[in-house]
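Report on the structure given below.
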Amino acid sequence: MPQNKFENFIFTVIMAFLMVYAMICYNIALNIGGMRDAVFRMAFGELRIMWPSAIILEMFVMERPVMALTGRAVTKEMPFFLVLLIRCSLTVCLMCPAMSFIATLLFKEYHEAGLVSVWLQTAALNFPMALGWQIFFAGPAGRWIFRILFRKKADA
C-alpha cells in the first residue's frame, strides 16, 4: 500500500476513478430506467467533474477523519481483512453522502422536491452499490493496479 505522499496520491487517483466511474454509470442507469451500452459513453461527461472532485474531497477533507475513525475502531489484534473492511466501509460512509451531495447539486432536478430530499434519496440509493462495489471490485482492483505500478519498489 502507499508508502509516501506521491504513492498515496496515485492510489487515490486509481481508487477515485474506479469508484466514480462505476457510480456515475449506476446513477445514469437509474435515471434512464436501466443499463444500456450508451451509459458507458454518457458517464464520461460527468466523470470530468466528479473524478477530480472525488480526488480533492478524499485527499483534503475525508482522509484524516477516515484514518481517525479507523484508528478508533481497529485494534492491533485484528486480522488484516477486518481492518481492510472497516477502512473500506468508513471511506464509503463518508464519501458516499458527500459525493451524492455534489452530484445532486450538479446533475439532479431538485427544485420541486427540495435539495435535502433529493440528496438523501440519492445517497440512500448509492450507498449499497458503493459499499458493495468498493469491497468486492474497486478495492481489490485498485490495490492490484497499485501493486503492478509500484512492484519494482516492493520487490527491491
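- Heavy-atom minimum distance, Ala124 versus Pro128: O-CD, 3.1 Å.
- One hydrophobic cluster, built from ILVMFWY side chains closer than 4.5 Å, holds both Ile28 and Phe44.
- Met1 approaches Gln3 most closely through the heavy-atom pair O-NE2, 2.9 Å.
- Neither Val116 nor Leu106 shares a network with the other; the hydrophobic side chains, linked directly or stepwise wherever heavy atoms of I, L, V, M, F, W or Y lie under 4.5 Å apart, form separate groups for each.
- Listed by first and then second residue, the ring pair (Phe, Tyr, Trp, His ring centres under 6.0 Å) pairs that reach into residues 105-125 are Phe101-Trp119, sequence neighbours excluded.
- Phe17 is not listed as a side-chain neighbour of Val13, based on a closest heavy-atom distance of 4.5 Å or more.
- The CE atom of Met67 lies 10.5 Å from the CG atom of Leu90; values are rounded to the nearest 0.5 Å.
- Two residues are said to be in side-chain contact when any heavy atoms from C-beta on lie closer than 4.5 Å; Arg143 and Ile14 fail this criterion.
- In this structure, SG in Cys96 is found 9.0 Å from CG in Leu131, a value given to the nearest 0.5 Å.
- Met42 and Phe40 fall within a single hydrophobic cluster, where Ile, Leu, Val, Met, Phe, Trp and Tyr side chains are chained together by heavy-atom contacts under 4.5 Å.
- Remark: Leu69 CG to Arg72 CZ distance equals 7.0 Å, nearest 0.5 Å.
- Considering only heavy atoms from C-beta on, Met99 stays 4.5 Å or farther from Met23 through its side chain.
- Applying the side chain to side chain donor-acceptor pair (under 3.5 Å) test to Gln121 and every residue at least two apart in sequence or in another chain returns nothing.
- Smallest separation of non-hydrogen atoms from Ile49 and Pro52: O-CD, 3.5 Å.
- Remark: Leu30 CG to Met35 CE distance equals 10.0 Å, nearest 0.5 Å.
- The shortest side-chain heavy-atom distance between Gln134 and Met15 falls under the 4.5 Å cut-off.
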- prompt: Yes or no on side chain to side chain contact (heavy atoms under 4.5 Å, CB included) for Tyr21 and Trp51, after CA distance, side-chain angles and deciding distance?
  reply: CA-CA 8 Å; Tyr21 184 71; Trp51 187 20; over 6 Å; no

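- Both Val66 and Ile56 belong to a single network of hydrophobic side chains, linked directly or stepwise wherever heavy atoms of I, L, V, M, F, W or Y lie under 4.5 Å apart.
- For the pair Val20/Ile55, no side-chain contact is recorded, criterion being any heavy-atom separation below 4.5 Å from C-beta on.
- Every residue two or more places apart in sequence or in another chain that forms a side chain to side chain donor-acceptor pair (under 3.5 Å) with Asn8 is listed here: Glu63.
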message: Set out, in order, the CA-CA distance, both residues' side-chain angles and the distance that settles side chain to side chain contact (heavy atoms under 4.5 Å, CB included) for Met95 and Leu57, then state yes or no.
response: CA-CA 8 Å; Met95 286 294 288; Leu57 189 62; 3.9 Å; yes

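- Atom CD1 of residue Ile24 and atom CE of residue Met50 lie 6.0 Å apart, to the nearest 0.5 angstrom.
- The distance from the CG atom of Leu94 to the CZ atom of Arg64 is 15.0 Å, given to the nearest 0.5 Å.
- Residues passing the ring pair (Phe, Tyr, Trp, His ring centres under 6.0 Å) test with Phe11, sequence neighbours excluded: Phe146.
- Ala130 and Met19 get closest at one heavy-atom pair: O-CE, 3.5 Å.
- Looking at residues two or more places apart in sequence or on another chain, you find a side chain to side chain donor-acceptor pair (under 3.5 Å) between Glu77 and Thr75.
- Proximity of Phe127 to Cys93: side-chain heavy atoms (C-beta onward) are separated by under 4.5 Å at one or more points.
- Closest of all the heavy-atom pairs between Val39 and Cys25 is CG1-O, 3.4 Å.
- At a threshold of 4.5 Å between non-hydrogen side-chain atoms, the residues Leu115 and Leu105 count as touching.
- In terms of hydrophobic clustering, with Ile, Leu, Val, Met, Phe, Trp and Tyr side chains grouped at heavy-atom distances under 4.5 Å, Phe60 and Ile10 are assigned to a common cluster.
- Legend: residues meeting side chain to side chain donor-acceptor pair (under 3.5 Å) with Asn27, ordered by chain and number and at least two apart, are Asn126.
- Scanning all heavy atoms of the two residues, the minimum distance from Ala138 to Leu18 falls at O-CD1, 3.6 Å.
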